[in-house]
Amino acid sequence: MQVFDIVPVKYENEDLFVLDQTRLPGEEIYCKLKSKEDVWEAINRLRVRGAPAIGVAAGYGLYISVRDFDGDNLVKFGEKLRDVKNYLITSRPTAVNLEWALLRMEERYKEFCCETALNNDIDGIEEIERLKKVLLEEAHNIRIEDEENCKAMGKHGLSLLKKGMGILTHCNAGTLATAKYGTCLSPIYLGKEKGYEFKVFADETRPLLQGARLTTWELKKAEVDVTLICDNMASQVMKNGWVQAVVVGCDRMAANGDGANKIGTSGVAILAKEYGIPFYMFVPTSTIDMNTRKGDDIIIEERDGEEIYKMWYKKPMAPEGVKTFNPAFDVTNHKYITAIVTEKGILRPPYKESIKKLMDGE
Ligand code: MRU
């Protein structure tokens, strides 16, 4: 599919690029990230966004920020790596994939140190060069695994859907938000290949318009039937009987199944319950945070209020200096989630138990 020619994060000829999603759908421009500051800015400004894609960018971002280390001491290398990790982790607070990927890179560094200690290898330029290769490989693995996980979620997700269904989605949890294929849009692409003829309704997703700018862009590229609606039209579309399933992504799922996702998601879930429509949240295991017990403990990012009334308008569409409240995410209570789709299978309530089993590998 033509849409998969475009990947949000790519590492090519030793350079890191992200597709600048703030420029979509008008321009398809990749920007080169050369430093930790570039990576921080790209994540913070949503040039690269969507929990799994942020994780992929963070893995490579950490690597490119430490690869210039020119000493021969593993401990000093570790100090640099930790500094970069602690810096990048501050770029956005809600999507757990950011810290998940950074901690995974740090863990790989620690393993390497243990291995070299066991082999009695001494510090040296060669060891450091070997470590750099290992870290790049780990960044590649994060990307490759995410791609595989998205494919698997596509298969599991499709088993919940039927031919010709109307499907509503919020924000963008498609190929642009992951390494490739997307989480909740993955079954829609797979269904397209198999002739399912879904009719997708994309919420515009104020204030940053990921639904309007990104979801419709990628679905149109894939020639999926997509209709753009404003967020406040979802109820009417459901009432009309045009929606048989809601699919959304997730930025951080707590151990009890409460899931933080783009602001507006919880409202859609409540509406779906009212109209008796199944609500499916697509959550790779990299997005499940077992250290967060319940949704109330998830930190919700608050962004500059100017995004609400200035960013997409030639002139401010509200009085200058107006008081604003701009949370980027909300938490959907697990009681509204019909099923959680992971790469390892579909979870049903009670989620506390089913998530624990899955994460314990049972
Ligand atoms: O602020 P964003 O655009 O990064 O928010 C993205 C979302 O809320 C997605 O639904 C979520 O990250 C899942 S992406 C597979």
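Index from 1, following the sequence. In each ligand, atom 1 is the first atom listed, and ligand 1 is the first ligand listed.
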Under 3.5 Å between some N or O of ligand 1 and some N or O of Asn261?
yes

Any nitrogen or oxygen of Ile54 lying under 3.5 Å from a nitrogen or oxygen in ligand 1? Just yes or no.
no

For atom CD of Glu111, decide whether the heavy atoms of other residues, nucleotides or ligands shown that lie under 6.0 angstrom number more than 12.
yes

Please check if the number of heavy atoms outside Lys10 that lie under 6.0 Å from its NZ is greater than 12.
yes

Residue, atom and distance of the protein heavy atom nearest atom 15 (C) of ligand 1 read Thr183 OG1, 3.2 Å

Numbered atoms of ligand 1 (with element) below 4.0 Å of [X], judged on heavy atoms:
X      : result
Ala173 : 14 (S), 15 (C)
Ala51  : 12 (O), 14 (S)
Arg92  : 1 (O), 2 (P), 4 (O)
Gln210 : 1 (O), 2 (P), 3 (O)
Ala177 : 14 (S), 15 (C)

Strictly under 4.0 Å, does any heavy atom of [X] approach an atom of ligand 1?
X      : value
Ala328 : no
Pro52  : yes
Asn172 : yes
Phe329 : yes

Can you tell which of Lys262, Arg49, Arg252 gets a heavy atom nearest to atom 1 (O) of ligand 1?
Lys262

Proximal candidate to atom 7 (C) of ligand 1 [heavy atom criterion; set Thr287, Leu185, Asp251, Thr175]
Asp251

Would you say the side chains of [X] and [Y] form a donor-acceptor pair under 3.5 Å?
X      : Y      : result
Trp100 : Thr287 : no
Asn172 : Thr215 : yes
Asp20  : Thr22  : yes

Taking the cut-offs as 6.0 angstrom to the six-membered ring centre and 45 degrees off its axis, would you call Lys262 and Phe329 a cation-pi pair?
yes

Is the NZ or CZ atom of Lys36 both under 6.0 Å from the centre of the six-membered ring of Tyr87 and within 45° of that ring's axis?
yes

Tyr60 and Tyr11 aromatic ring geometry - parallel, tilted or perpendicular at 30°/60° bounds
parallel

Pair Lys356 + Glu362, salt bridge at N-O below 4.0 Å:
no

